[in-house]
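Right, one structure below, let's go through it.
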Amino acid sequence: MEKQSPIRAWQLPDGIDELLPEAAAQVEALRRRLLDCASRWGYRLVTPPMVEFTDSLLVGVGEDLDLLTFKVPDQVTGRMLGFRADMTPQVARMDAHSLHGDQVNRLCYAGSTLHTRSGSLAASRSPLQLGAELYGARGLSADIEVIALMLSMLHVAGVEIGQALTLDLGHGDIFKHVLAASGAVEAGMEAAVFDALQRKSRPDLERLLARLPEASRAGLLALMEMHGDLSVLDRAEAELAGTAPEIRDSLRELRELSSALQSRYPNVSLYVDLAELRGYRYHTGVVFAAYTQGLGEALARGGRYDNVGEVYGRSRPATGFATDLKLLAAQLQKQDIAQDAIAAPDEEDPALQEAVKRLRSQGETVIVMLDGERDARCMRKLIKVDGQWQPETRQESLVGEGK
């Protein structure tokens, strides 16, 4: 057998990363703060499984998510298993199949996902997804609540909710209506047109549409240019609603949403992009993403995806958002992790062991000095005073170090 080289033995696959102690501590602290924030808004924590049968994991979610999913045969049943690439459909299944009743459900979650390929050069193939989903509420108030929660969680994470933050708004139905009006669906070009719009490649789109009548091409070509400030909504109505009148309802929703967001967050920049198709094709209504200056990746993104639960036996209105915790933590200014641990002597002293136990139960970090080595995180030390073990004061620590 060929001996494996040391380099290959520790090399990770492209797009698969690991978190060393400092980064792991940052991500875990962020996870706790964001889930606590969601809980204060009434969102209950759920934990979907890492793997499911593809029959349930991928039903009704579209080809793009299918292609992102790693699949392996189950050695117990022989059926195909999928490692989740996105937790949103799993939470939708839990709402539709495992949680009963017609009441509004607010759910949040956090966990690892796995992608067959990276979404961009900077993206990981193993995102740590955290998100929140709202089920059972169809009105615009639900979309507003979810966006407000997203902004609240970003604020908790350390993002300044001001001019440096941009909310990118779109609508999942507008592309579908303009596409249907163009005749491109009947010509079998839906996937290629979707891809060209997603990449914002006008030459590719023009080439794809060349064999369609000019009137049919005009709407899709115009859609690619429908991005900018809120005036885009008026321009879309003037240029697109004549051939695709169904978009008027979608434009009205975006106007009402924009007005509400401007009232609540007057310092946040709003950007409209009606050809923004990133994400999965199950979105059916308002879609949104949060960007900050200097960063090419969205801090968080989401949207409405009504009726995904229908395949699980219960059709429900749904809206939500998600973020990659690792990406979010890496993009934000690092917060110092407190280094105020207490060093404990390595002695078989029952009183010492009891003192260590008591301090740990009180939330202190106590690290035993194995082989007499003091951990760099320890700013104080357990000392014996009048027969009792107690942590030295910070002043005593400074004196002991000759400072």
When you look at Ile144 and Arg264, which way does the side chain to side chain contact (heavy atoms under 4.5 Å, CB included) test go after all the steps? CA-CA 10 Å; Ile144 294 170; Arg264 291 191 183 203; 3.7 Å; yes
May I have the step-by-step check of salt bridge (charged side-chain N to carboxylate O under 4.0 Å, His left out) for Arg202 and Asp204, ending in yes or no? CA-CA 5 Å; Arg202 188 178 183 89; Asp204 286 345; over 6 Å; no
Test side chain to side chain contact (heavy atoms under 4.5 Å, CB included) applied to Leu328 and Leu154, step by step: CA-CA 9 Å; Leu328 183 60; Leu154 289 177; 4.1 Å; yes
Run the side chain to side chain contact (heavy atoms under 4.5 Å, CB included) test on Leu261 and Val268 for me, step by step, so that the C-alpha distance in whole Å, both residues' side-chain angles and the decisive distance to 0.1 Å come before the verdict. CA-CA 8 Å; Leu261 293 174; Val268 172; over 6 Å; no
Given side chain to side chain contact (heavy atoms under 4.5 Å, CB included), test Leu209 with Leu220 step by step and report yes or no. CA-CA 9 Å; Leu209 303 178; Leu220 288 170; 3.9 Å; yes
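Taking 4.5 Å as the limit, some side-chain heavy atom of Phe288 sits within range of a side-chain heavy atom of Val146. Under the 4.5 Å side-chain criterion, counting only non-hydrogen atoms from C-beta, Ser124 is not in contact with Ile16. For the pair Asp273 and Val232, the minimum side-chain heavy-atom distance is 4.5 Å or more. For the pair Ile161/Asn267, no side-chain contact is recorded, criterion being any heavy-atom separation below 4.5 Å from C-beta on. Counting heavy atoms from C-beta on, the side chains of Val287 and Arg304 never come closer than 4.5 Å. Side chains of Thr88 and Val91 form no contact here, defined as non-hydrogen atoms less than 4.5 Å apart. Residues Leu165 and Gln293 are not in side-chain contact: their nearest non-hydrogen atoms beyond the backbone lie 4.5 Å or more apart. In this structure, the side chains of Asp66 and Thr54 stay at 4.5 Å or more apart for every pair of heavy atoms.
Between Arg377 and Asp375 there is a salt bridge, since a side-chain N of the basic residue sits under 4.0 Å from a carboxylate O of the acidic one. Using a cutoff of 4.0 Å between basic side-chain nitrogens and carboxylate oxygens, Arg360 and Glu364 are not scored as salt-bridged. With salt bridges taken as basic N to acidic carboxylate O contacts below 4.0 Å, one links Asp349 and Lys384. Salt-bridge formation is not detected for the pair Arg93/Asp95: no Lys NZ or Arg NE/NH1/NH2 atom is positioned less than 4.0 Å from an Asp or Glu carboxylate oxygen. Salt bridge annotation for Glu28-Arg31: present, with a cationic side-chain nitrogen under 4.0 angstrom from a carboxylate oxygen.
Lys326 places no side-chain N or O within donor-acceptor distance of the main-chain N or O of Asp17, the cut-off being under 3.5 Å. Under a 3.5 Å cut-off, the side chain of Ser56 and the backbone N or O of Phe53 do form a donor-acceptor pair. With hydrogens and angles ignored, the 3.5 Å screen pairs no side-chain donor or acceptor of Asp371 with any backbone N or O of Glu373. Looking at Asp306, its side chain does come within 3.5 Å of a backbone N or O of Ala318 through a donor-acceptor pair. In terms of modelled atom types and a separation under 3.5 Å, the side chain of Thr323 and the main chain of Leu325 share no donor-acceptor contact. Using a distance-only test at 3.5 Å, with no hydrogens or angles considered, a donor-acceptor pair links the side chain of Arg125 to the main chain of Thr116. Using a distance-only test at 3.5 Å, with no hydrogens or angles considered, a donor-acceptor pair links the side chain of His115 to the main chain of Ala85. The backbone N or O of Ser112 sits less than 3.5 Å from a side-chain atom of Arg84, completing a donor-acceptor pair.
Heavy-atom contacts from other residues, nucleotides or ligands closer than 6.0 Å to CD of Gln362 number more than 12. Taking a 6.0 Å sphere around NZ of Lys357, one finds it holds 12 or fewer heavy atoms contributed by other residues, nucleotides or ligands. By the neighbour-count criterion of 12 heavy atoms within 6.0 Å, atom CD of Gln103 is densely surrounded, having more than that number from other residues, nucleotides or ligands. For CD of Gln353, the number of neighbouring non-hydrogen atoms (other residues, nucleotides, ligands) closer than 6.0 Å is greater than 12.
Tyr109 and Gln129 form a side-chain donor-acceptor contact under 3.5 Å, judged by distance and modelled atom types alone. Side-chain contact of Arg301 with Tyr291: a donor-acceptor pair under 3.5 Å is present, judged by distance alone. The closest side-chain donor-acceptor pair between Thr284 and Asp173, if any, does not fall under 3.5 angstrom. Side-chain contact annotation: Glu276 with Tyr271, donor-acceptor N/O pair under 3.5 Å absent.
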When the side chains of residues 242-255 are checked against the rest of the protein, which donor-acceptor pairs come out under 3.5 Å, sequence neighbours left out?
residue	atom	partner	partner atom	Å
Thr243	OG1	Leu240	O	3.3
Arg248	NE	Glu237	OE2	3.3
Ser250	OG	His171	ND1	3.4
Arg252	NH1	Glu256	OE2	3.4
Glu253	OE1	His171	NE2	3.0
Arg255	NH1	Glu237	OE1	3.2
Arg255	NH2	Leu233	O	3.4
Arg255	NH2	Asp234	OD1	3.1
Arg255	NH2	Glu237	OE1	3.0

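Scanning all heavy atoms of the two residues, the minimum distance from Leu65 to Pro89 falls at CD2-CG, 3.9 Å. Closest heavy-atom contact between Leu35 and Cys108: CD2-SG, 4.1 Å. Val272 and Leu274 get closest at one heavy-atom pair: CG1-CD2, 3.6 Å. Across Ala38 and Leu149, no two heavy atoms sit closer than the pair CA-CD1, 4.2 Å. When all heavy atoms are compared, the tightest approach of Met150 to Leu167 is CE-CD2, 3.6 Å. Scanning both residues, Leu128 and Asp324, for their nearest heavy atoms gives N-OD1, 3.0 Å.
Atoms CZ and CZ, from Arg217 and Arg211 in turn, are 12.0 Å apart once rounded to the nearest 0.5 Å. To the nearest 0.5 Å, atom CD of residue Glu145 and atom CG of residue Leu140 are 12.0 Å apart. In this structure, Leu107 CG and Glu133 CD are separated by 8.0 Å, a value rounded to the nearest 0.5 Å. Between the OG1 atom in Thr47 and the CG atom in Leu45 there is a gap of 5.0 Å [rounded to 0.5 Å]. Taken from CD in Gln90 to OG1 in Thr113, the straight-line distance is 9.5 Å, to the nearest 0.5 Å. Distance CZ/Arg380 to CG/Leu359: 8.0 Å, rounded to 0.5 Å.
With sequence neighbours excluded, no residue forms a salt bridge (charged side-chain N to carboxylate O under 4.0 Å, His left out) with Asp36.
In this structure, Arg316 is not positioned above the aromatic face of Tyr135 in the sense of NZ or CZ being under 6.0 Å from the six-membered ring centre and within 45° of the axis.
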